[in-house]
Structure formats: structure tokens, C-alpha cells
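Data first, discussion second: the structure below is written as C-alpha cells.
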Amino acid sequence: MPSSLAPHFIPFPPADSKPNSKSLPNASTHSSPPTSSKVTHKKAIPCSPPVKPSAPPWPPPKPMEPEPAANHLRWTTSSTGAVFPVPQLRIPSTPSQIYLLCKIRSSIPPPKFRQPFRDDRTSPAMLEIETALARILDSVSPLDPIRVPLTSALHHFAARALHATVALPGFDNSAMDGYAVFAADTTTTSPLPIIAEQPAGTSKNLTLNSGTAIRIFTGAPMPEGADAVIMQEDVDLSPDKTHIQCREPVVSGENLRRTGTDICLGQQLLKPGDALTPTRLALLASQGLNEISVIRPPRVAIITTGDELIPAGQPLLPGQLYNSNGILLQSLVAQLGISAISTHHLPDDLDQTISALRELTGTHDFLILSGGVSVGDHDHIKPALQSLGILPNLWRVKIKPGKPLLHARTETNPCQIFGLPGNPVSSYVTYQIFVRPALLKSMGSFQFELPTVPATLNQAVDNPGDRPHYLRGTLQQNTFIPTGVQQSHALFGLSQANAMLRLEANQSLAAGTNVILLVP
Ligand SMILES: Nc1nc2c(c(=O)[nH]1)N[C@H]1C(S)=C(S)[C@@H](COP(=O)(O)OP(=O)(O)OC[C@H]3O[C@@H](n4cnc5c(N)ncnc54)[C@H](O)[C@@H]3O)O[C@H]1N2
Ligand code: MOO
């Protein structure tokens with residue numbers, strides 16, 4: 001592990017606690033009662049094999065008043081609702097605490113941790129958004145520089161600084177179709193004889209004498225001596241086209257473009273990390289370049305997960321839905337100009353998840369997974385990573401939507417792994433806030449922030465929760481209007497939105513408040 005990353009990695013539990021979802025109790029085993037009484041955990045403990053307490057005594061002991069719920073492990077029988085308190089242990093949160101509990105109740109086999117950080121009790125605290133982003137960006141380095149043709153360089157970032165080897169303009173030239181003159185001669189009414197013609201594209205090395213004019217065209221080199229061009233609209237041409245008479249005087253320097261006034265030799269044109277926009281590509285072309293050194297864009301795998309998801313073209317069965325996060329994430333990545341994108345879908349199966357992650361981490365720079373990062377029994381991303389020995393850099397962030405965000409990085413290649421929460425809006429928001437900056441950094445950019453604009457709220461908004469909430473809405477004539485249902489599954493409002501408003505925890509804003517929007 002690179003030492004710079006070491007403090008950030010959160011260790012999984014010890015090696016003997018292997019993920020083994022196949023041997024885990026399924027839902028019915030876990031909750032089925034011994035024949036005469038239904039025994040359930042009031043709070044789920046991550047343990048395996050299933051905890052099977054011995055049959056309750058008969059006749060049952062006198063029911064007791066329930067212990068206060070907080071911080072006590074309790075057992076209850078379904079028939080009477082009676083509660084039998086166990087020794088007053090705090091809810092076990094470490095393997096040794098659980099082991100101790102099981103020793104006290106000798107009939108209970110010691111459980112193993114199945115997954116690290118399954119819930120609030122066994123997880124480290126949720127990170128603040130800024131801390132999580134900094135931690136992610138710390139682990140990302142720009143990829144290697146490569147040379148690409150200018151025609152393929154759009155959306156890439158400059159790998160190194162570039163200085164001008166060609167001045168612009170490269171020579172003094174005319175800005176207008178007209179006549180090269182001495183400015184002083186245009187104040188007189190006497191006709192000026194046209195002594196020569198200078199077209200664009202070739203220099204005739206002409207010299208202008210006082211009291212004469214040279215026919216000239218836009219972009220053509222200025223004759224020696226001439227200090228202005230008079231537009232052809234501002235002269236009267238004699239019928240035999242041999243003389244002009246100036247109707248409007250011009251001043252020295254008018255209608256001409258001096259050498260190097262735009263770009264002079266040696267001037268810095270690009271710095272490392274500059275985005276190669278259409279206009280910057282034009283600048284490079286003006287230098288006669290047909291190739292440029294850029295940072296190689298990442299190879300990205302988009303991996304959706306979930307048995308309930310089916311691709312377009314198949315009929316929907318009850319309980320199924322079409323996969324929408326695949327195209328969402330693929331398009332968002334493509335928007336950055338990344339073209340090496342592969343797409344995959346995984347069922348909720350640990351073995352298949354492990355083998356897919358093993359393969360894809362070897363062939364890609366970024367894996368962007370959606371779904372399977374929460375705490376459900378079918379959420380296999382964390383156990384799969386654990387089984388591959390990949391340590392999480394972070395899991396769970398104080399953000400709404402998107403709380404269960406996961407980030408990890410392989411040590412050798414290195415491959416960045418993002419587990420985005422499966423809800424479509426959660427995937428979108430966490431992509432914009434965390435994945436996009438990481439992709440941009442890997443591409444050599446130094447600008448990771450989303451663009452912002454000031455706006456005014458059209459209505460009051462409120463975030464009673466304890467996580468900053470990214471509201472989705474439209475920016476119309478400097479006004480922010482939230483769109484649709486502001487919940488993490490709600491795709492329609494998201495599809496209408498062109499801006500996001502970060503509302504802090506417990507923040508209420510009145511209609512008319514001035515805010516700063518993110519404009520992805
Ligand atoms: N007991 C708890 N349950 C949940 C918690 C929690 O803290 N405790 N967190 C909730 C939050 S917040 C989120 S967000 C979700 C994230 O869950 P997962 O990342 O494991 O995602 P899934 O369960 O696989 O899917 C969630 C939801 O999204 C739909 N989905 C998934 N993938 C796609 C896709 N490609 N296209 C369209 N829709 C997709 C999926 O069907 C589910 O409805 O966990 C909460 N639960
Ligand atoms: O935090 Mo989750 O992403 O809200 O639905």
C-alpha cells in the first residue's frame with residue numbers, strides 16, 4: 001500500500017472472517033422460530049452461522065417489563081410478547097464483544113462477521129462530503145501522457161506546457177479589402193494612383209511611395225512603407241480603375257494587423273491540465289501542430305448490479321424494472337470525452353461479482369458500480385471486494401441522496417472502484433459530486449468543481465435531515481425551481497433538472513433567497 005494512502009484505508013476484519021454469503025442463513029432460516037417459539041433478534045447482528053437459541057423454558061418464566069431498548073440485546077417470544085433480558089451487555093459491535101456474548105450464552109455458537117460495516121453499529125462514522133471527496137482525490141493520480149492527433153484531442157487535458165513557435169499574425173497584414181496607403185495621404189482630395197496589387201497568400205515584397213496606393217486584400221502582407229489600409233467602400237475609383245480618391249481619412253495603423261500582436265514567439269499557449277477545447281485546438285493548429293501530448297483518458301467499466309433489473313426489449317415481469325443507471329452512467333462518463341467505456345450487468349451473486357471484479361480491475365482504470373452497496377443481504381459489492389483483498393477507502397457519506405457511497409482502490413494497477421448507491425438519483429448525485437472529479441483528475445485536469453451560477457429560489461425549501469441534500473431543479477431566468485419528487489428513486493424530476501441546490505442539514509430557505517447552484 002502506498003504510504004500516502006495508508007491512513008485512509010479502513011481495515012476489513014481479520015483474515016479468518018471470510019465472506020461466505022452462501023453459507024449464511026437465508027431470511028427464513030434467520031427468522032424461523034424453533035417450533036414452539038419464534039425467536040428473532042430485535043436488532044440484526046452480523047453473524048454466521050445462524051444464532052439458534054435453545055428452546056425457551058416451559059412453563060415460561062413470568063414475563064418481565066422490557067428493558068429500555070437502547071443498547072441492550074433482547075430476545076422475545078412471539079406467542080406471549082414476553083421479553084427475556086440477557087446479561088446487560090451493550091450491543092456487541094466488535095468480534096471480541098460478540099464472542100464474549102456467545103461465551104456467556106454457551107448454547108450460541110460464536111458468530112463470524114460476514115460483512116464489514118454492515119450497519120451503523122459496526123461502521124465507522126459517516127464522512128462529511130468534503131472529507132470524502134478529499135480522500136478520494138488523494139488516491140487518484142493522473143494517468144500516463146500520450147501523443148494524440150489534434151483531431152482526436154478534444155476533451156483531453158494537456159500533459160505539458162506548450163510555447164509558441166509561430167507568431168500570430170506572422171507578418172503585418174491588411175484587415176480589409178481596400179488600398180494600402182500612407183495615412184497622411186488620405187486627408188487630401190488629390191487622387192492617388194494605384195501602382196500595384198498585393199493579393200493574400202503570397203508576398204510580392206512591394207514598397208509604397210508617398211502619394212500612391214496599392215490595391216490590397218484581407219490577410220495580404222502590407223507593402224513596405226504603408227501605415228494604413230483604406231476600405232474600398234471609403235474611396236471613389238476612377239472609371240479606368242487607375243486612381244482612387246479618398247472620401248474618409250484613415251489614421252496610421254488603421255485596418256492593419258501587426259506581427260505578433262496576438263501571439264508572440266515563446267509565449268505560453270497551454271499549461272499542464274488545460275482542457276483541449278475546440279478553441280484551444282484551433283490555437284494549436286495555428287502553430288502547425290497535428291499532434292499533442294495529453295493525459296491518457298481512463299478505461300472505464302460501468303457495472304450495474306441487481307437481479308430485479310432487465311435490459312430494454314424484454315417484457316417486464318412482476319417485481320422487475322428496466323436498467324436505467326447503465327445508460328445514465330455511461331452517458332455521464334462519455335460527456336467527459338471518455339470513449340473507452342465498457343458496460344456490464346451482474347446478478348446478485350457473490351461469486352459472479354468476485355470474478356467480474358477480479359477481471360475488470362485488471363483491465364480498467366475505473367470501475368463504476370451501481371447498486372449493491374447498502375446493507376441488504378443481496379448487496380455483494382463490499383464482500384466481493386473484501387474477498388479480493390481490496391480495502392475500502394471509504395463507505396458511507398453524509399449526503400442525500402447517496403449515503404452508502406463506497407470507494408476503494410486496488411494497490412497494484414491501480415484501479416479506482418466506486419460503488420454508487422443503486423437508486424437512480426443517488427447514482428447521479430454521487431457520480432457528479434465524487435466520481436466526476438476523480439475522473440477529471442485522472443485525465444490530468446486541475447479543475448474538478450462543477451460550474452456554479454447565482455440564482456434566486458422560487459419557493460421555500462427545507463432540509464429537516466442530518467445530511468446535506470442535493471435538490472434537483474431547473475434554472476430558468478436566474479430562478480431555481482425544484483423539479484418533481486425529491487426522492488432518490490425519482491427519475492422524472494431528475495430528467496427535467498439542469499441544476500442542483502445543496503441544502504445543508506437542518507437548513508430552511510425562504511422563497512426569494514439568493515443561492516448558488518451547481519450546474520452539471
Ligand atoms: N436498512 C437499510 N437499508 C437501506 C439503507 C440503509 O442505510 N439501511 N440505505 C438506503 C439508501 S440511502 C440507499 S441509496 C439504497 C442503496 O442501496 P444499494 O446501493 O444497495 O442499491 P440496490 O439496493 O441494489 O438498489 C436500490 C434501488 O435502486 C434500484 N436500482 C438499482 N440499480 C438500478 C439500475 N441500474 N437502474 C434502475 N434502478 C436501479 C433498485 O431496484 C432499488 O430500488 O439502500 C437503501 N436501503
Ligand atoms: O442516501 Mo439514499 O441514496 O438517499 O436513497
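We count ligands from 1, going down the list as the structure has it; atoms in each ligand are counted the same way. Remember, it's a predicted structure, so these values are computed and weren't measured experimentally.
The atoms of ligand 1 that sit less than 4.0 Å from any heavy atom of T304 are 35 (N). For ligand 1, the atoms lying closer than 4.0 Å to a non-hydrogen atom of N323 are 34 (C), 35 (N), 36 (N).
Regarding atom 7 (O) of ligand 1, its nearest protein heavy-atom neighbour is K403 NZ, 2.9 Å. For atom 33 (C) of ligand 1, the nearest protein heavy atom (residue, atom name, distance) is N325 ND2, 3.3 Å. Protein heavy atom in closest approach to atom 41 (O) of ligand 1: E308 OE2, 2.7 Å. Considering only non-hydrogen protein atoms, atom 8 (N) of ligand 1 sits nearest to V375 CG2, 3.5 Å. In terms of protein heavy-atom proximity, atom 32 (N) of ligand 1 is closest to L309 CD1, 3.4 Å. Here the protein heavy atom with the shortest distance to atom 23 (O) of ligand 1 is D379 OD1, 4.1 Å. Closest protein heavy atom to atom 4 (C) of ligand 1: S374 OG, 3.3 Å. Distance from atom 21 (O) of ligand 1 to its nearest protein heavy atom, with residue and atom name: G422 N, 3.3 Å.
On a distance-only criterion, V373 and ligand 1 share at least one N/O pair closer than 3.5 Å.
Smallest separation of non-hydrogen atoms from M126 and V397: SD-O, 3.7 Å. Taking all atoms of both residues into account, the shortest heavy-atom contact from L501 to L457 is CD2-CD2, 3.7 Å. Nearest heavy atoms, C415 versus L367: SG-CG, 3.7 Å.
Taking 4.0 Å as the cut-off between side-chain N and carboxylate O, K400 and D466 do not count as a salt-bridged pair. One finds no salt bridge joining D138 and R135 here, because no Lys/Arg side-chain nitrogen approaches an Asp/Glu carboxylate oxygen to under 4.0 Å. Ion pairing of E411 with R409 is absent here, as no side-chain N (NZ or NE/NH1/NH2) approaches a carboxylate O to less than 4.0 Å.
Taking the six-membered ring where the residue is Trp, H364 and H344 present perpendicular rings, their angle passing 60° and hence far from 30°.
Between the side chains of N423 and H489, no donor N or O sits under 3.5 Å from an acceptor N or O. A side-chain donor-acceptor contact under 3.5 Å links T279 and T277. Residues N325 and T304 have side chains that never bring a donor and an acceptor to within less than 3.5 angstrom of each other.
Other residues, nucleotides and ligands place more than 12 heavy atoms under 6.0 Å from the CD atom of Q496.
Using a 4.0 angstrom heavy-atom cutoff, G372 counts as in contact with ligand 1. Not a single heavy atom of P401 sits closer than 4.0 Å to an atom of ligand 1. For S426, the closest heavy-atom approach to ligand 1 falls below 4.0 Å. At a 4.0 Å cut-off, at least one heavy atom of S324 sits close enough to ligand 1 to count as contact.
Put simply, the side chain of Q416 never gets that close to the backbone of I136: no donor and acceptor are under 3.5 Å apart.
In summary, of the residues considered (L332, I417, L329), a side chain to side chain contact (heavy atoms under 4.5 Å, CB included) with I368 occurs for L329 alone.
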Pick out the protein N or O atoms lying less than 3.5 Å from any N or O of ligand 2, and list each pair with its distance.
unit_1	atom_1	unit_2	atom_2	d
ligand 2	1 (O)	G402	N	2.9
ligand 2	1 (O)	K403	N	2.9
ligand 2	1 (O)	R467	NH1	2.9
ligand 2	3 (O)	G402	N	2.4
ligand 2	3 (O)	S426	OG	2.5
ligand 2	5 (O)	N423	ND2	3.2
ligand 2	5 (O)	S426	OG	3.4
ligand 2	5 (O)	S488	OG	2.6

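Summarising the contacts of atom 27 (C) of ligand 1 with N423, I399, I303, the nearest heavy atom is found in N423.
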Does the pair R396 and E128 meet the rule for a salt bridge (charged side-chain N to carboxylate O under 4.0 Å, His left out), with working shown? CA-CA 9 Å; R396 303 191 326 138; E128 301 292 336; over 6 Å; no
